[in-house]
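Please read the structure below before turning to the comments.
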Amino acid sequence: GIGMAGDANVIIISRIREEIAAGKSVLTSIKTGYKKAMSAIIDGNVTTFIAALVLMWLGSGTVKGFAYTLALGIVVSMFTALVVSRFVMNALYAVGFHDEKFYGRAKQRKVFNVVGKRKVFFIISIILILSGPVAMAIHHNVDGTALNYALDFSGGTATTVTFNEDMDIKQIDSEVTPVVEEVTGDKNVQPTKVVGTNQVVIKTRTLSQEEREKLDNALVEKFNVDDSLITTESISSTVSSEMRRDAVVAVIVATLCMLAYIWFRFKDIRFASSAVLALLHDVLVVFAFYGISRISVGNTFIACMLTIVGYSINATIVIFDRIRENLHSGSREKLAEIVNTSITQTLTRSIYTSFTTFVMVAVLYIMGVSSIREFAAPLMVGVLVGAYSSVCITGALWYVMKKKFAGKGQPAIAAASASAKSSSKPKKARDVSQKDPTQPKKKNRKRVAERLAAEEAAKKQQNDDAE
C-alpha cells in the first residue's frame, strides 16, 4: 500500500516535470501533469482493487484479511494522490511557489534500446525461472521435500502455554523459541501471542507423545509455568490443504479478472496477455527464490505472492499507459522506437518507486521478528524482479506479440503512416489539376511569344493592305 501510494505521487511529479521541460508554465504543467497521470493511476489501482475484491470473495483466513487491508489501502492512496496532493500542490502555487525550481525539470535521457536487447533479457528470465524447479528437485532428493512447507501447509502440533508474566514477541523469540527448537530438533517453530493474555501458542512439526512430554517438562523447568496450563492439539493438514487450494483458486480468478479489465481498457488483448505474462514471470522468479533459499512456505508466502501480484501489475500498467499514449500521439517513429522511448520516459518512476519500496521492506527485514523477516526477504526479491520486468520485459514482450500477432489491429504507427501517405497523394493530384493545361512549359515560352508576335504583325499588314 505504501509503495503504491508513493508510486502514484512519483507518476504525477514526473508528468509535471515533463510538461515544464516542454516549455509550459508551472500552473499549466500542474494541471496537465495531473490530467496525464490520471489514466495510469486509475488503471493501476483499479486492476489491483479487482484482485482484492476477488480475494475477499474466494479467500479465507489470512488471505481474506490481506484482501481487506489491500482494498482499503488502494482507496486511501488514490484519494490522497488525486485529491489531497493536488490540493496541496495548488495551495503551494497560490501562496507564491511559482518558480519552476521548486518543481524540477525533466532531463533529456538517452533512449535505451531495450527492444534490441530483448533476447538477452528473455534468456536471463528463463534461467531465473528454471533455477526454481532445479533447486526443488535437488532438495527433494536430499531432504525429501521440494519446499520448506510451514505448519499451516503441512500440519503439526500446537502447544498452548500460559506463562506467569506477559511476554512480548521479541522476548518470546529470544527466550522461548530456542528452548522449543532444542527439544524438537527443528528450526520450524511458530510462536503466536494471544492478545490480552499471558498465553502463547507454539506451533511445531507433529510431535510424538514422548516429545510432547519432554517439551512440557522443559517449559516448566525454564519458565516455572504451571503444568496444568499447558495444552496440546494437532493441526490438521486437511485444513492446510483447503487453505492452499483456496489461495491458488483466488489468485487464478483474480488474474483472469485483471486480464479482462486490461483488455477492456486498452482495447488490445496483446496488452492484457503481456501484462499477465509479466506478472507470471515475477511470481515464478520469487517462487524460485523460495525453492533456493528454503524460506518457510506458509501464510506469509500467500501474502507475499499476493503483494507481488499487485505491485507487478501496477508497474506494468504504467509502462503500457505510456506506450498507448505515444502510439496515439501521431508520432512518425517506428514501433520499436516508440516502445524504447516509452520505457525511457517512465524510467525515473521505475527507479524511484522500486528504491523507496525496497528500502521500506529492507528496514522491515532488519528490524522485524522472524515471521516478518520470512515475509520481507522474498518481498525484497519481488521488488527487484518487478523493477527488472517492468523495464526490460513488459515492453519488449508486448512488442514481440504486436509483431507476431498483428491480426486486424496493425500498429497505430503504421496506420498513421499509411494515412499520411494516402493524404499526400491527393494533394499532389490537386496541385497538378489546378495548373492551367494551356500554359506552355518555360523552355517553350520564347518560341510561343515569337509566333504570336509574327501572327500579330501579319494580321496588321493585312489590315493595312485592305485600307
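Bear in mind that the values here come from a model prediction, so they are computed numbers and not experimental data.
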Discussion item. Show the nearest heavy-atom pair for residues I12 and A81, with the distance to one decimal.
Written reply: CD1-O, 3.5 Å

Worksheet item: When rounded to the nearest 0.5 angstrom, what distance separates CD1 in I295 from CG in L147?
Response: 11.5 Å

Discussion item. Side chain to side chain contact (heavy atoms under 4.5 Å, CB included) for I16 and M89? Distances and angles first, verdict last.
Written reply: CA-CA 11 Å; I16 293 173; M89 190 81 72; 3.8 Å; yes

Item to complete: Determine whether V400 and F122 make a side-chain contact, defined as any pair of heavy atoms from C-beta on separated by less than 4.5 Å.
Response: yes

Worksheet item: Is there side-chain contact between E211 and T204, with heavy atoms separated by less than 4.5 Å?
Response: no

Worksheet item: Quick one: do D168 and K170 make a salt bridge, cutoff under 4.0 Å?
Response: no

Show every donor-acceptor pair shorter than 3.5 Å between a side-chain atom in residues 222-229 and any protein atom, with sequence neighbours excluded, or say none if there are none.
| from | atom 1 | to | atom 2 | distance (Å) |
| --- | --- | --- | --- | --- |
| D226 | OD1 | S228 | N | 3.1 |
| D226 | OD1 | S228 | OG | 3.0 |
| D226 | OD2 | S228 | OG | 3.0 |

Discussion item. I'd like to know if the side chain of T346 reaches the main chain of I343, judged simply by a donor and an acceptor atom lying under 3.5 Å from each other, with no hydrogens or angles considered.
Written reply: yes

Discussion item. When you measure from the side chain of S354 to the backbone of I351, do you find a donor-acceptor pair of N or O atoms at a distance under 3.5 Å?
Written reply: no

Item to complete: Assess K101 against Y103: is NZ or CZ under 6.0 Å from the centre of the six-membered ring, and within 45 degrees of the ring's axis?
Response: no

Worksheet item: With a 4.5 Å heavy-atom cut-off, do R17 and I13 have their side chains touching?
Response: yes

Discussion item. How long is the straight-line distance from CG of L219 back to CG of L215, given to the nearest 0.5 Å?
Written reply: 4.5 Å

Item to complete: Kindly determine whether I313 and I262 satisfy side chain to side chain contact (heavy atoms under 4.5 Å, CB included), including the steps that lead there.
Response: CA-CA 10 Å; I313 201 70; I262 298 170; 3.8 Å; yes

Worksheet item: Where the side chain of T177 meets the backbone of S174, is there a donor-acceptor pair that is under 3.5 Å apart?
Response: no

Worksheet item: Does S77 offer a backbone N or O that forms a donor-acceptor pair with the side chain of T80 under 3.5 Å?
Response: yes

Worksheet, complete the sentence: Contacts of F287 meeting ring pair (Phe, Tyr, Trp, His ring centres under 6.0 Å) (sequence neighbours excluded), chain-then-number -> none

Worksheet item: Donor-acceptor pair, Y290 side chain versus V297 backbone, under 3.5 Å?
Response: no

Fill in: Side-chain donor or acceptor of D321 paired with backbone N/O of I317 under 3.5 Å
no

Item to complete: Could you note down all residue pairs passing side-chain hydrogen bond (donor to acceptor under 3.5 Å, both in side chains) where residues 111-140 supplies at least one of them, sequence neighbours left out?
Response: N113-N340, S125-H281, S125-Y388

Practice prompt. Measure the spacing between CE of M38 and CZ of R86 and express it to the nearest 0.5 Å.
Written response: 5.5 Å

Worksheet item: Do K36 and E18 come within less than 4.5 Å of each other through their side chains, counting heavy atoms only?
Response: no

Worksheet item: Counting N and O atoms only, with roles assigned by atom type, does the side chain of T157 sit under 3.5 Å from a partner on the main chain of L207, one being a donor and the other an acceptor?
Response: yes

Item to complete: Start with the C-alpha distance between S39 and E325, add both sets of side-chain angles, then the distance that settles side chain to side chain contact (heavy atoms under 4.5 Å, CB included), and finish with yes or no.
Response: CA-CA 10 Å; S39 60; E325 179 184 327; over 6 Å; no

Worksheet item: Would you say V176 and F163 make side-chain contact, with heavy atoms under 4.5 Å?
Response: yes

Worksheet entry | Side-chain (R212) to main-chain (T159) donor-acceptor, under 3.5 angstrom | no

Practice prompt. Considering only NZ, NE, NH1 and NH2 on the basic side and carboxylate oxygens on the acidic side, decide whether D173 and R373 come within less than 4.0 Å.
Written response: no

Fill in: pair I42-M78: side-chain heavy atoms closer than 4.5 Å
yes

Worksheet item: Do F97 and V26 have side-chain heavy atoms sitting under 4.5 Å apart?
Response: no

